[in-house]
Amino acid sequence: MFETLKEQPADKILALVQTYLDDPRETKIDLGVGVYKDADGKTPIMRAVKDAEKRLWETETTKSYTKLAGEPAFLDAMIGLVLGDAVPRDTVAAAATPGGTGAIRQAFELARMANPDVRVFVSDPTWPNHLSILKHMGIAAVPYRYFDDESRGVDFDGMMEDLAQAKKGDVVLVHGCCHNPTGANPNMTEWQAIVDLLLETGAVPMVDIAYQGFGDGLDKDAEPTRLIASSVPETIIAASCSKNLGIYRERTGVVMAVSQKASAQKLNQGTLAYLNRQLYSFPPDHGARLVTTVLTDDALRADWRAELEKMRTGMLALREQLAAELQRLSGSDRFGFIAQHRGMFSRLGATPEQVDQLRDAHGVYLVGDSRLNIAGLNEKSVPILAKAIIDVGI
Ligand code: LMR
């Protein structure tokens, strides 16, 4: 029966990781996959996570199953982190998932269970795996305009025009902060207008928040999510702990369904637990326990926040250095958007040929759509990248 299988397209981000590894040049620069790196190119285990791991090793007494929706303490901690006190706790159903991708998958499953004909509106561009999962599930993806190629900011008018086509029964997928792959984000006035439009159309928002704390700070980055969840009748949220706690391989995430009707919570909670059972039974627990330990212990939480803040401000400094260097080399302000963008990524707006040239002639690896991972840079590689960008004529 396997002879009927077809080759599946490689994920372009993951394929790039291998191409980079195969490149023998010592001067190569990896600005591809969205993994944080420090100035030495290492992806560190955060101090608080390491401490939590030690504590866990000493105190954990069993590896028996956790709860089907994950540990309630983890869910409470994550709801607090993402939603603050924007909505009453008893309006939120939540389940632990294997990473943010698991949360996205469960969110789509939930939407499809509620409406078998659901369409999901996705920003153009969006994280490629959103589209891949939707295609795999046979759910229609409807692109909405998002990125203005000229300004490299949000094409807000285009976005609003396209989102006006969404209807009750549709889902509108937005990136809560640090848009992946562009780095361009709506401001709070624009988010309010998006919320007003959602209220008008009746479409359900789904917020993918994978980079909380990498943009303008933990609470600032959660503001759009909190505004949405507190304003519309129903919200779906997929949150990841991979980046802001640096626990990529532990696969730790959470899916939430917020319903202003508190009476809906029980049904939503049961449905999320059911979905876990169908896809993988119990969610992974190790990473979730680390997160709970860090978020619920005052000293660990403070230390984690401080380390995360250092990562965030470091990325901002690199953005500013790169924008300034490009201004110097180009004699123009046309790269100012790099300092305006937030999160790990910026879309340069280069052609695929220019991206190829950056790789072939300069050993600089960007994703094909010209997304660059700011965290892959350091003070020394910024001038090298700036020169390469000008050399290939971007
Ligand atoms: C990315 O966008 O590079 C990250 O989210 C990693 C991934 O899984 O694609």
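Indexing begins at 1, ligand by ligand and atom by atom, following the structure's order.
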Examine the side chains of Arg55 and Thr293 and answer whether a donor and an acceptor come within less than 3.5 Å of each other. no

Could you tell me, atom by atom, which parts of ligand 1 come under 4.0 Å of a heavy atom of Arg371? 1 (C), 2 (O), 3 (O)

Take atom CZ in Arg277; do more than 12 heavy atoms of anything else shown fall under 6.0 Å from it? no

Return the closest protein heavy atom for atom 3 (O) of ligand 1 as residue, atom name and distance. Gly34 N, 2.7 Å

Side chain, backbone, both or neither: which applies to Met344 and ligand 1 if a contact is any heavy-atom pair less than 4.0 Å apart? neither

Identify whether NZ of Lys or CZ of Arg in Lys28 sits under 6.0 Å from the centre of the six-membered ring of Tyr365 and within 45° of that ring's axis. no

Does Asp11 reach ligand 1 with a nitrogen or oxygen that is under 3.5 Å from one of the ligand's nitrogen or oxygen atoms? no

Atoms of ligand 1 less than 4.0 Å from Tyr211 heavy atoms? 4 (C), 5 (O)

For the student: nearest non-hydrogen atoms of Arg319 and Gly343, plus distance: NH2-O, 2.8 Å

Just to be sure I read this right, does ligand 1 sit under 4.0 Å from the backbone of Ile13, its side chain, both, or neither, counting only heavy atoms? side chain

4.0 Å heavy-atom contact, Tyr248 with ligand 1: no

Return the CD to OG1 distance between Gln106 and Thr271, rounded to the nearest 0.5 Å. 11.0 Å

Name the closest protein heavy atom to atom 9 (O) of ligand 1, giving the residue it belongs to and the distance to 0.1 Å. Trp127 NE1, 3.0 Å

So if I count the atoms of ligand 1 from 1 in the order they appear, which ones are less than 4.0 Å from some heavy atom of Val33? 3 (O), 6 (C)

Of all the non-hydrogen atoms in the protein, which one sits nearest to atom 5 (O) of ligand 1, and at what distance? Lys243 NZ, 3.1 Å

Decide whether the shortest distance between a heavy atom of Asn129 and an atom of ligand 1 is less than 4.0 Å. no

Is Phe74 close to Val291 at the side-chain level, that is, under 4.5 Å between some pair of heavy atoms? yes

For the pair Tyr146 and His179, name the ring-plane relationship: parallel under 30°, tilted 30 to 60°, perpendicular over 60°. parallel

Parallel, tilted or perpendicular: rings of Tyr65 and Phe282 (30°, 60°): parallel

